[in-house]
Each structure stands twice: as structure tokens, then as C-alpha cells.
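A short worksheet on the structure shown next.
Predicted model, so just to flag it, every value in this text is computed and none were measured.
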Amino acid sequence: MNLRDLEYLVALQEQKHFRKAAEKCFVSQPTLSGQIAKLEEELGLLLIERTSRKVIFTHAGDELAAKARVILLEVKGLKDMAKSFQAPMAGPLHVGLIPTVAPYLLPKIVPYIRSEFSEMELFLYEEQTNVLLQRLEEGELDCLLLAYLPEMDRFGAIDLFDEPLMLAMPSNHKWQQQKEVELSELSGEQVLMLEDGHCLRDQAMGYCFAAGAKEDTSFKATSLETLRHMVAAGMGITLLPQLAIPDTEEQSGICYRRFSSPEPSRRISLLYRNNSVRRPCFNQLAKLIQQHSALS
């Protein structure tokens, strides 16, 4: 038995498919299948039920795969610890970001990361919040950049900045002449929202519902850019985070206005596993983001 065998077992449990598990481990399907069979022989246990259509894990297989995942995470921790002593800002760093942060924050910070931390290998992953949290917990990602929610308190967090949410409306909207908009003015209005799964949706809905606004249920956007195009087409109004607002705040049939104080906002944080040994790296990365995000 070796660590690679454990990686095969964990991948197979996650994918429930030999070909997909093999692709994830960058080996051939016969190699992975053969090593799983050898592992079963060594342990004297049937770990999976093989059928022509799917892979079914036995109870023993599930229990051993769960333990294997813990072992692999501990091994990764040992390697990370060694790297952190050698050079905190060197080597690979796997960072996850939510879709409402990634395209707007990355252009501001990546050039500085590459310049100031030239020995770092930066790997970036864009996923919705629930997927990122699972991948962080399982050790696939080192840290996350996302909007902080109360249920994330099981992780360590470094607050980066508070990002205001601004009103986006068609350029001919009745509030176009106002410099600011009171949140209470949304009462009775219908607001375009992102689809389920985006944490920004829940945050925006919380503010809108509190103000007496309603969601426009005839359409749910897959991205902020889709929302922007819908507003430009005169289909309604929405809330967008400040990082997504262009430098020229009135263009392409849209105008943007800040809300009067207290304005709605979200807190962007760097999230990491509490037992991660790469905290010195995260501290330096957070400091750089705060310096160059223009919002801290």
C-alpha cells in the first residue's frame, strides 16, 4: 500500500466512475482499476461492487476512503509545513474564488502577486461558494477569496475589505437624476437577481426584502454580466458589487448609484483551514490584496 493507491481510492469514491477517476489522477483506467484490485487483495476486503453501469462502494470501502482522505490531507500538511519553513511565499498556491469576485478582483491583484512573489506558482479556481468550501475542507484548495457568511466560522478568516453594493438601473430610470438612492426607495420595486447558488444572491435579497422590494421571478441570471446586460436592455434594476462597476459609471444604457448610509455591503475575506501551516503566506497575500484592491 502507498499514498498513490489511497489517491486512487479517494478519486474513485468521489467520481463513482473508473474513467473519470483515472483522468483526475492522470493515469490510465487499467492502471487505476488494477491498483484498486491490488489494494482490495492486500486488505482482504471488497471495497467496491463493480457493475457494467456504475461503481458502488461497500460500507468498508466508504469507511476506508474517508480515512484515506484524512491521511492524504495530513501528508499534504507535512509537505506544506516543510515549504513554509523553507520559503513562505514560494511553491504552488491553490486559490478558489467565487464568480462575483474573480473577474473583477484578479486583474487588480495578479500582476502584483507575480511581481512581489515571483517564486509562487499561483493556481486559480472559480466555483460557487458551496463547492469552494468543500474543496477547501478536503485539502484541494489552500485558501479562498469570497464573501464571508456566518456559517464559515469553522474556518480561519482574514477580512480583506467591505465592498458596497450599488444600484444598477437603465439610464432613463426615474432615479437617474439622484446622486444617491435611499434603500427604502426600493419598496415595491422588482429587482433582478442571480440564480440560486450565488452567495451574492442571498445577500442582495436580504437587503432588498428588508426594504420591501420583490424579486423579479421571470428571470434569474447566471452571472453579473448577464444582469448588467438585462439592465442595459431596460428589463429592470439590480444590485452589483462595487468592484464590478466600470470606471465610467454611466455607459451602455446603464447608470450606477450608491445607496445612502447605511449602504448595503458584503465583506470579502480570505478563508483557510484553521490548522493550515501556511498562515504566514496568507497574511502576506491578504496584505497585498488590501493594498491593491482599492476598496480596503
Side-chain angles (χ1 to χ4, degrees), residues 95-113 124-129 131-132 144-149 159-171 173 175-176 178-181 183 186 189-208 211 213 215-216 219-271 289-296:
V95 182
L97 304 95
I98 53 176
T100 59
V101 167
Y104 312 106
L105 181 61
L106 289 178
K108 296 178 180 293
I109 64 172
V110 168
Y112 294 101
I113 293 175
L124 303 169
Y125 307 84
E126 184 179 314
E127 299 276 5
Q128 290 189 359
T129 301
V131 177
L132 292 178
L144 310 178
L145 302 178
L146 41 56
Y148 188 84
L149 300 173
D159 293 334
L160 300 175
F161 53 83
D162 288 328
E163 181 181 22
L165 302 182
M166 296 178 62
L167 180 66
M169 55 188 172
S171 55
H173 196 273
W175 297 328
Q176 191 271 340
Q178 299 179 208
K179 291 184 177 181
E180 292 184 338
V181 176
L183 196 58
L186 295 182
E189 298 287 333
Q190 287 200 324
V191 182
L192 296 167
M193 293 285 180
L194 289 168
E195 64 181 359
D196 293 336
H198 293 275
C199 59
L200 180 60
R201 167 187 168 82
D202 298 331
Q203 292 165 324
M205 285 180 65
Y207 287 113
C208 290
E215 178 186 6
D216 186 342
F219 177 82
K220 292 182 180 180
T222 58
S223 69
L224 293 185
E225 294 311 306
T226 303
L227 279 180
R228 198 193 309 273
H229 288 304
M230 293 298 289
V231 173
M235 298 300 291
I237 62 176
T238 193
L239 272 63
L240 294 179
Q242 187 175 342
L243 279 175
I245 306 302
D247 293 335
T248 304
E249 293 190 0
E250 295 192 25
Q251 61 180 23
S252 304
I254 307 178
C255 60
Y256 304 91
R257 293 293 181 270
R258 296 191 74 139
F259 288 98
S260 302
S261 181
E263 61 184 344
S265 65
R266 62 177 183 171
R267 176 158 296 181
I268 304 301
S269 299
L270 187 154
L271 222 63
I289 294 172
Q290 290 166 343
Q291 289 175 341
H292 300 291
S293 65
L295 287 180
S296 56

Non-hydrogen side-chain atoms of Thr238 and Asp216 separated by less than 4.5 Å = no
Can Phe219 and Met230 be said to form a side-chain contact (heavy atoms from CB on, under 4.5 Å), step by step?
-> CA-CA 9 Å; Phe219 177 82; Met230 293 298 289; 3.5 Å; yes
Side chain to side chain contact (heavy atoms under 4.5 Å, CB included) filter on Pro164, not counting sequence neighbours, yields Gln242, Arg258, Glu263
For Met235, does the CE atom have more than 12 heavy-atom neighbours from other residues, nucleotides or ligands under 6.0 Å away?
-> no
Got a sec, which residues hit side chain to side chain contact (heavy atoms under 4.5 Å, CB included) with Tyr125, two or more places apart in sequence or on another chain?
-> His94, Phe123, Arg135, Leu141
Residue pair Tyr207 / Leu186, side-chain heavy-atom distance below 4.5 Å | no
Measure the spacing between OG of Ser261 and CG of Leu183 and express it to the nearest 0.5 Å.
-> 11.0 Å
Output for pair (His229 NE2, Leu192 CG), nearest 0.5 Å, gives 13.5 Å
What distance separates Glu195 CD from Met193 CE, expressed to the nearest 0.5 Å?
-> 14.0 Å
Between side-chain atoms of residues 97-107 and protein atoms elsewhere (two or more places apart, or another chain), which donor-acceptor pairs fall under 3.5 Å?
unit_1 : atom_1 : unit_2 : atom_2 : d
Thr100 : OG1    : Arg266 : NH1    : 2.9
Tyr104 : OH     : Glu225 : OE2    : 2.5

Derivation of the side-chain contact (heavy atoms from CB on, under 4.5 Å) call for Trp175 and Met169 = CA-CA 8 Å; Trp175 297 328; Met169 55 188 172; 3.8 Å; yes
Applying salt bridge (charged side-chain N to carboxylate O under 4.0 Å, His left out) to Glu215 and not counting sequence neighbours gives Arg201
Hey, could you give me the CD1/CD1 distance between Ile254 and Ile237, rounded to the nearest 0.5 Å?
-> 12.5 Å
List in chain and number order the residues that pass side chain to side chain contact (heavy atoms under 4.5 Å, CB included) with Lys108, two or more places apart in sequence or in another chain; answer none if no residue qualifies.
-> Leu243
Heavy-atom check, side chain of Gln203 versus side chain of Leu149, under 4.5 Å = yes
Residue list, side-chain hydrogen bond (donor to acceptor under 3.5 Å, both in side chains) with Gln178, at least two apart or on another chain = Glu185
Would you say the side chain of Ser293 lies within less than 4.5 Å of the side chain of Leu160, judging by non-hydrogen atoms?
-> no
Set of side-chain hydrogen bond (donor to acceptor under 3.5 Å, both in side chains) partners for Thr226, sequence neighbours left out = Ser223
Who passes salt bridge (charged side-chain N to carboxylate O under 4.0 Å, His left out) against Asp159, sequence neighbours left out?
-> Arg267
Between atom CD1 of Ile268 and atom CG of Leu146, what is the distance when rounded to the nearest 0.5 Å?
-> 7.5 Å
CG/Leu165 to CG/Leu200 distance, rounded to the nearest 0.5 angstrom?
-> 6.0 Å
Arg228 to Pro246 - nearest heavy-atom pair and separation = NH1-CD, 3.6 Å
With sequence neighbours left out, what residues match His198 under ring pair (Phe, Tyr, Trp, His ring centres under 6.0 Å)?
-> none
Note: Leu224 and Ala244 closest approach over all heavy atoms is CD1-CB, 4.0 Å
Min side-chain heavy-atom separation Leu145-Ile289 under 4.5 Å = yes
Is there a side-chain contact between Ser260 and Val181, using heavy atoms and a 4.5 Å cut-off?
-> no
Salt bridge (charged side-chain N to carboxylate O under 4.0 Å, His left out) partners for Glu189, two or more places apart = Lys174
Quick one: does Leu167's side chain get under 4.5 Å of Cys255's, heavy atoms only?
-> no
